[in-house]
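Read the structure below first, then the notes.
Lettering follows sequence order; numbering is per chain, from 1. Values in this document were obtained by computation on a predicted structure and should not be read as measured data. The analysis underlying the following values was restricted to heavy atoms, covering all of them including side chains, and did not include hydrogens, waters or symmetry mates.
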Number of protein chains: 2
Amino acid sequence: MTERTTEDDTASHGRPARRDLAAMLVPLTRALTAAELPVLDAHGLAMWAYAVLLRLDDTPVRTQAALAQAIGADKTRIIGILDDLERRGLIRREPDPADRRVRLLSLTDEGRRLRDAVQSAIQLREEKLLSRLPAADRDGFVRALQTLSALPPDEFDEIIG
Amino acid sequence: MTERTTEDDTASHGRPARRDLAAMLVPLTRALTAAELPVLDAHGLAMWAYAVLLRLDDTPVRTQAALAQAIGADKTRIIGILDDLERRGLIRREPDPADRRVRLLSLTDEGRRLRDAVQSAIQLREEKLLSRLPAADRDGFVRALQTLSALPPDEFDEIIG
DNA sequence: TATTGTTATACTCTATAACTATA
DNA sequence: TATAGTTATAGAGTATAACAATA
């Protein structure tokens, strides 16, 4: 299966069998997000705003800090984004009657419609890219991505940190 | 092979079959690079400096601007990095006798040794992560990554842009 | 005049710290 | 006093523009 004839792939000397994963992932991720920016722009969404819509649709989030952490952002950074989304009627942000310090966050019907439209457009593009791969590689790629991105941070650190 | 029973996977309504590739790639890439930072720190290398060492070892680069573009950086941004690498004897930066405006860039033996040491450590960690995947997914993942990251930017844009 | 490399400047993104209100 | 959210400030990273040397 491997293309190299040497016995030591992790190579204390000589060229390694593959490029670093990170060295391949960084440019690919950058190119992908850049290619999807026009789609977001067309719907007046910033990238973080889209991340918020995606996250809120999965499972309800009680506090803004938890939402920020879930999407890998800072709690101070999403405030302006939530302001905008609320103003446009895409999300609701209501004080919790039980603890009026926390803001209960939820998607409006229109927010869900927008999320659907944007996500369809984005995944359509992504599928075009995936279609360039052999079916086996494509399936393995998506499955591996799902497995790895589902790893909780502490388990990730335990493996690689 | 697919887990869903609906016929329409790109979903004009309802939940999509998978999360967005970008939504999975961004956190994974961030976690990977974060996990590799301590390795780079231990050798006194910034991430961009490591990118330079990797790139110079592949094929010689004639101008600094070309090097910057090759690693996805700005030409003004790598100058301080090249200064440091040169000062430490890891790269050579000599004026081209044929055109004294351009600086010929190359790796010294010590630069290559450092690159090897760092890359071995990094790929060792990456392999630990990959070992968590089924063999088929792992191979597909790496092959897909190699295919996609080898796409020239204009071809990438043609597919997805 | 055009190009390589460099320096200086401005801008964006992100993180830290200080403030308000509720508890 | 402690916490959720907000605001203000500072810092890092990045891009833009002006400059010097060479062609």
Requested in this report: Would you indicate whether the side-chain heavy atoms of L90(A) and V52(A) approach each other to under 4.5 Å?
Outcome: no
Query raised in the report: How about D83(B) and R93(B): do any of their side-chain heavy atoms sit closer than 4.5 Å?
Result: yes
Query - Length of the CD1-C1' vector between I91(B) and dG5(C), whole Å - result: 14 Å
Query - Distance, rounded to the nearest Å, where I71(A) contributes CD1 and dC13(C) contributes P - result: 15 Å
Query raised in the report: Are the side chain of Q123(A) and the backbone of A17(B) linked by a donor-acceptor contact shorter than 3.5 Å?
Result: no
**Report entry** Selection: residues 29-53 of chain B, any non-hydrogen atom under 4.0 Å of DNA chain C
**Finding:** none
Query raised in the report: Could you give the CZ-to-C1' distance, from R77(A) to dT6(D), as a whole number of Å?
Result: 16 Å
Report task. Can you tell me the distance, in whole Å, between the CG atom of D74(A) and the P atom of dA4(D)? Result -> 14 Å
Query raised in the report: Can L56(B) be reached from L53(B) by stepping across I, L, V, M, F, W or Y side chains whose heavy atoms are under 4.5 Å apart?
Result: yes
Report task. Measure the distance from CD on E94(B) to C1' on dG5(C) and round it to the nearest whole Å. Result -> 16 Å
Query raised in the report: Taking atom C1' of dT6(D) as reference, at what distance in whole Å does atom CD of E86(A) sit?
Result: 14 Å
Would you list the atom pairs, donor with acceptor, under 3.5 Å between side chains in residues 32-39 of chain A and any protein atom, with sequence neighbours excluded?
residue: T33(A); atom: OG1; partner: T29(A); partner atom: O; Å: 3.0
residue: T33(A); atom: OG1; partner: R30(A); partner atom: O; Å: 3.0

Query - Proximity to the side chain of I79(A) - top-ranked nucleotide from dT7(D), dT4(C), dA15(D) - result: dT7(D)
Query - Any donor-acceptor pair under 3.5 Å from R88(A) side chain to G44(A) backbone - result: yes
Report task. Give a yes or no answer on whether the side chain of R125(A) reaches the backbone of I160(B) with a donor-acceptor pair at less than 3.5 Å. Result -> yes
Query raised in the report: In chain order, what residues pass the side chain to side chain donor-acceptor pair (under 3.5 Å) check against R62(B), with sequence neighbours excluded?
Result: D96(B)
Requested in this report: Run the salt-bridge test on R143(B) and D139(B) with the 4.0 Å N-O cut-off and return the result as yes or no.
Outcome: no
Query raised in the report: Whole-Å distance between dT7(D) C1' and Q64(A) CD?
Result: 13 Å
For nucleotides 17-23 of chain C, tabulate all protein N/O to nucleotide N/O atom pairs closer than 3.5 Å, reporting atom names and distance.
residue: dA23(C); atom: OP1; partner: R100(A); partner atom: N; Å: 3.1

Please list, pair by pair, any protein nitrogen or oxygen found under 3.5 Å from a nitrogen or oxygen in nucleotides 9-12 of chain C.
none

Query raised in the report: Side chain of R92(A), backbone of G89(A): donor and acceptor closer than 3.5 Å?
Result: no
Requested in this report: Just jot down the side chain to side chain donor-acceptor pair (under 3.5 Å) partners of D74(B), sequence neighbours excluded, or say none.
Outcome: T76(B)
Query - L82(B) CG - dT4(C) P separation (whole Å) - result: 16 Å
